[in-house]
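Report on the following structure.
Order of the sequence lines fixes the chain letters, A, B, ..., with proteins taken first and strands second; residue numbering starts at 1 for each chain. Values below: all heavy atoms of this structure, side chains included; hydrogens, waters and symmetry mates excluded.
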Amino acid sequence: MPPFPVTRHSIVAAIRSERTEVRRSAFDALVQAYWKPVFKYVRLKWHASPDEAADLTQAFFLRAFEKDFFASFDPARARFRTFLRTCLDRFVANARQAEGRLKRGGGAIVVPIDLPEAERELQLQARNAVTDFDAFFHREWLRSLFATAAAQLCDACAARGRPQRFAMFEQYDLAADEGERPSYGELARRFGVSATDVTNELAAARREFRRLVLAALRDQCATDEEFAAESRALGA
Amino acid sequence: MISEAALDRLAGMLRAPDLSGTRYEIVAELGRGGMGIVYLARDTALDREIALKIVDRGAAGTRSDSLDALAHEARILARLEHPGIVPVHDFGELPDGRVYYAMKRVRGERFDRWLAAGRDLADSLTVFLRICDAVAFAHAHAVVHRDLKPENVMIGEFGEVLVLDWGIARTANREPNNQNPEPKNQNREPKNQNQEPKNQNQEPKNQNQEPENQNPEPRTPNPEPIVGTPAYMSPEQRAGAAVDHRADIYALGVMLDALGGPASVAAIAAKARADDPAGRYQSVQELAADVQRFLSGRRVGAHREPLVDRVQRIYRRHRVPILLVLTYLAARVLLLWIGGI
């Protein structure tokens, strides 16, 4: 344990750092949080093919890194997410005009696009026609935020020797449909524990999940005010 | 991938308060407002239902703001031990960082809804006097409610009358042992007078400042943030000027006016809601005394009644002895008349 608490800098603050390695690290985290919302948004809003959307996503983050797109972000004027989407729209519009000259980068920023996975998700979502792209982008960002927190929760539970805790959370709180959700009694039978244990395990998992979501959210906000507004929007 | 259903479920989970490690369990949501939510909860230690007011840390700006705001309200309620004011049982912080206080769960009907059922004027005025009792008690403890209205009064199952929602009340004295009485957030929007009822215990709004008791002259030089419900706000409150207990008297006047009644009741209401605080009753007790005089058929101080009205009032008040005397006199006249035949 370090003698003093380590100061956490938000990703948004770090991407404006003058130190390249700090910026690069922050960008990697930013890409992790946003690549899927950006990819899906480009696919649907800009009617891009899967390959074109993947190229535009890669090129967008690369250009943002090289040209310091986000340096002009002013937390007093907008949420970072809104600012990023505005930059993205402008970038895609310009890229379409200069078709065929997309810079795919030389490894400065690598976007880990999992094309099959993203496409599979889009197929599942295709049932709902998108009319409000702002809301769509927000929802995809939220999905990415929750997915990241769920993955971290899985790791944390495993590290503490409590994989069962995450398994219960996964089966109950991450169930795809209401019909798939087991009752507490059913969960107790599956895991060979009492219903009280299920209650306690789920409460602990949810508490940790909430903490992870808020920590990730704080990382993605530039100021306390933005974090307060974002957590209020989440209701957390 | 996190499905749509799971996404909504997780978002809902984040909104719900984390009560683990406390003695409370959420039963249902009772109402919500600008800064927080009131839940019906179960106190598992004492096996009873309570109301739990929980403020979202983001809702009041910073976490410190919301903590201060709720601490302020809880401490005000805690100092006001009166049958007409909801008692606070507990105050604390949840594991998720939100702050809460637990209070008695009040069952009953809001005053405005109670009135809507059509009530006898005497019954309505009796309730009004009970409201005056609670407000006068608060004033005696240097607390000004600042948002009195029928929606903030509950008529209990057994006729008890409770004044609720002390979220924007202001205290007069910074007492030495009152460590954290003044919230920092002073920029809340005033509540809409037509807003949806919040059930019994409601959300905090804004709070503030300084002292006042029953001194007729406002003592606070600092401008006030404009908070309250417009239809019940006194001119000085609407203007953001310093307010004292007479702002509550104004609101009581508006409430009294809505009860209807003869000219003398209207005159009491008119005096209570005078534009100039100096023209109002200078204490709730004075206002209540005038209402009490009306109820007992005596002349009210706020009303100069015409002779006919005065005779009628005296007749109504002393109907039996007057009728007895008149009967006696009529009988004597009749006997004299018979004796003269």
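- With rounding to the nearest 0.5 angstrom, the CG atom of B:L10 is 8.5 Å from the CG atom of A:L142.
- Taking non-hydrogen atoms and a 4.5 Å limit, the residue list of residues 173-189 of chain A in contact with chain B, ordered by number, reads A:D173, A:L174, A:A175, A:A176, A:D177, A:E178, A:R181.
- Taken from CE in B:M1 to NZ in A:K36, the straight-line distance is 8.5 Å, to the nearest 0.5 Å.
- Here the closest heavy-atom approach between residue B:L14 and residue A:R210 is recorded as O-NH1, 2.8 Å.
- The salt bridge (charged side-chain N to carboxylate O under 4.0 Å, His left out) search around A:R143 returns A:E140, B:E4, not counting sequence neighbours.
- Considering CZ of A:F169 and CE of B:M13, their distance stands at 4.5 Å, rounded to 0.5 Å.
- Taking A:R211, A:E117, A:R206 one by one and counting their heavy-atom pairs under 4.5 Å with chain B, the maximum is reached by A:R206.
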